[in-house]
Structures are given as C-alpha cells and as structure tokens.
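One structure below.
In what follows, chains are A, B, ... by sequence order, proteins preceding strands, each numbered from 1. Side chains are part of it too, since the values below use all heavy atoms of this structure and drop only hydrogens, waters and symmetry mates.
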Protein chains: 2
Amino acid sequence: MQFTEKKIESTLRREGYKLTPQRRAVLNAIADSHDHLTPADIYDKVRQEHPGIGLVTVYRTLDILDKLGLICEVHSGGNCRSYLMRRPQEHHHHLICSECGAVADFTECDFSELEHRLSRDTGFEIEGHLLEFSGRCHNCRKATPS
Amino acid sequence: MQFTEKKIESTLRREGYKLTPQRRAVLNAIADSHDHLTPADIYDKVRQEHPGIGLVTVYRTLDILDKLGLICEVHSGGNCRSYLMRRPQEHHHHLICSECGAVADFTECDFSELEHRLSRDTGFEIEGHLLEFSGRCHNCRKATPS
DNA sequence: TGTGTAATTGAAAACGTTTTTCATTTACAC
DNA sequence: GTGTAAATGAAAAACGTTTTCAATTACACA
C-alpha cells in the first residue's frame, strides 16, 4: 500500500507547507504512475491537466516531497533523477527493467553480516546502502524471449 | 592491483584507439587518485600538467574508458558521474565515505538466493545489480567521533 | 466571511554540465 | 616520409537545474 494522497497532504500541512493545486497535481502524477518518472516526465504529465504550471514548480515540489521522504529516487539506467512514490515506513529496494523501465519493489536485504565484516576490514562506520537489481521484466521477456 | 597504465594502453590500441598525450594524461589523473573524480575534477588535475587540453577531450576519453570497462562509475552521494579506476576482471562494489568521499572496495556479494527468490516472485530475469554502502571512514571517525 | 501575510507561483535569466559541430592537427599504418 | 582516418580544441548549442523577482494565493486569524 502506498501513501494515500490524504496521508501525504496531512504530512505536508503538518510540516507547514501549503496545499496548492500545483502540488496536488504533481502528487497525482507520481501516484498514478507505477514507473519512475523524471522531473520532465512529471512536468509533461501535469501539464496535460494543468497547462499553466511551471517546470520550476515541479522541481520545487519534488524537492519537498523528497525531503519529507514521501518519494524516493531511483539511480539505475544512467538516469540520475527519477522519482517513485514511497511505500510507508519500510526500507525497500527496486528491481528495474532495463527494457521498459518497469519497477518492482522488494524489502528483503540482510547485510548485517557483510556490514560487520566490512566495518572490521575497512574501519568504516556503515550508515546506509544502495541496492538495485536490473533485469528484464515479465512482460518484456514474453514480448521478445531471448 | 589496478590495471597498469601499460595494460590500459594496450587495450586502447587493441580496440583501435590512438594513444594521444591527452588520453595518457587523463588516464594518469584517474590512476593517481584513490578517490572518485568528476569530469571537472579530472579536467582540473590534467590541466596542471597539460594546460592546453579541452574539457571535451576529457569527456570523450572518459566515455571510451568507460565503454571499454577500464574505469567505472560511482553513484552515491548525489553525484551522478564520478569515475574510478577499475580493478581488473573482478566484479566489485564500493564503500563511500559520506564526509570525505574516500572509497574502499569489496568483492563479496552473494545474491544468488535473493535473486532466485525475486525472479520467482516478480517474473524478472535478473541481469545485474548495483550495491554501494555509505558511511564514515576510519579517518573521519577519528577526526570527529560522533 | 473577510483580511493580512508569509508562502508559493511562473517567467526569465543564470548556471553548470554535457554534447555537437567543424576546421585544424596528429598518431600511426604503410 | 607520406597519406589518411582519428583525435583535438574552440565555440556554440543543448540539456537539466537553480536563482531571482514581481505577482498571486492559501490559509491563520479576526
């Protein structure tokens, strides 16, 4: 279950942000899509129903949503700034289709042992990790079996 | 052990690339540094000994080295295009200090079980993964213990 | 239900990074 | 040496992103 629009709106309010139609539109665009979207993608989607919106506003809204942890960034595929809705609370990772960009989530990742070993070997205090798998999704495999 | 300059030069030749002084300079700049460098960082370093070089050439050389797999990209820390020398042959990952940018390598990563499970659950055919840890390196921890 | 105010917006311009273009130069096979 | 295709550097274009600023707007409070 994703953050509901309601939940996001109340979070924005709680943090002192105003709820403008533009922000709602950006929110909807991201929530409606299961893929990761670049700022430009989001701008294009939003403009269909909200022609006057500025790209700046999209950027500003994305910054806020990212800062509040309501959306998260995806890094794979050369593209360095795409966003997805974030599932509530839980730490998770992405599986990204290298052909169509479809994204699947998973939560499993137990690095405790590896982190302990790395910490011992390198002297690093490990704070976080970035894990993404890439591959071909079900649909793309059916479309062109390799 | 990193790729030696000799090894890299022969690889370039084998692939039909010419060995220009500019390419050597870029190569040296990356090889001399243990950190990850952005194209601009590399440009700055190279210009000290090779003032006439153009930023374009740095970019072009990085593209080639990346395509040949002689250097690799680092993603963490918001910065989306930094390069490191690549260790020969082996698959490896990075541990990146969030304070000073120091990089440590490690090779361990056994995702066979997780990949199998993900494949079964999502229908993805998994081709690769991106794994990076972030944390505070030995030096930074000593400098300002938290 | 108004009203005041600080937050938000959009347009334009600035900015940094990366790519393209093109005439000149250069590494290397012969 | 010489010829040729590849590589270079300068300039300009093309991106993506941020800053600036005057005008607008959401919302707390009366």
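In this structure, the CG atom of A:L12 is 13 Å from the C1' atom of C:dA7, given to the nearest Å. Whole-Å rounding puts the A:L27 CG to C:dT8 P distance at 15 Å. The CG atom of A:L62 sits 12 Å away from the P atom of C:dT9 (whole-angstrom rounding). For B:E15 and D:dA6, the CD to P distance is 14 Å, given to the nearest whole Å. When rounded to the nearest whole Å, the span between CG of B:D41 and P of C:dG16 equals 15 Å. One atom, CG of B:D63, and another, C1' of D:dT8, lie 15 Å apart when rounded to the nearest Å. Protein atom OH of A:Y59 is 16 Å distant from nucleotide atom C1' of C:dA12, rounded to whole Å. Atoms NZ (A:K18) and P (D:dC29) sit 12 Å apart, rounded to a whole Å.
Taking only side-chain nitrogens and oxygens, B:T20 comes nearer than 4.0 Å to OP1 or OP2 of D:dT8. Residue B:R23 places none of its side-chain N or O atoms closer than 4.0 Å to OP1 or OP2 of C:dA27. For the OP1/OP2 pair of D:dA26 and a distance below 4.0 Å, the side-chain nitrogens and oxygens of A:R13 include no atom meeting the criterion. Listed pair B:Q22 / D:dG9 meets the phosphate criterion, a side-chain N or O lying under 4.0 Å from OP1 or OP2.
When heavy atoms are screened at a 4.0 angstrom cut-off, B:P21 is found touching the sugar-phosphate backbone but no base atom. Residue A:I53 is in sugar-phosphate contact alone, with no base atom involved, counting any heavy-atom pair closer than 4.0 Å across all strands shown. Contacts of B:L55 with the nucleic acid, taken as non-hydrogen atoms under 4.0 Å apart, include base atoms.
When every heavy atom of B:I53 is checked against every heavy atom of B:Y43, the shortest pair comes out as O-CE1, 3.5 Å.
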*Decide yes or no on side chain to side chain contact (heavy atoms under 4.5 Å, CB included) for B:D105 and B:H93, but give the supporting numbers first.*
CA-CA 6 Å; B:D105 291 0; B:H93 297 289; over 6 Å; no

*Could you walk me through whether B:L65 and B:Y17 pass the side chain to side chain contact (heavy atoms under 4.5 Å, CB included) test, one step at a time?*
CA-CA 11 Å; B:L65 295 175; B:Y17 293 103; over 6 Å; no

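Atom CD of B:E113 sits in a sparse spot, with 12 or fewer heavy atoms from other residues, nucleotides or ligands closer than 6.0 Å. No more than 12 heavy atoms of other residues, nucleotides or ligands sit less than 6.0 Å from atom CD of A:E49.
Here C:dT9 is the nucleotide among C:dT9, D:dA10, D:dA7 with the atom lying nearest to any side-chain atom of A:T57. Listed nucleotides C:dG10, D:dG9, C:dC28 differ in distance to A:R60; the shortest reach to its side chain belongs to C:dG10.
If you find the closest nucleotide of DNA chain C to B:R24 and to B:P39, the one lying nearer the 5' end belongs to B:P39.
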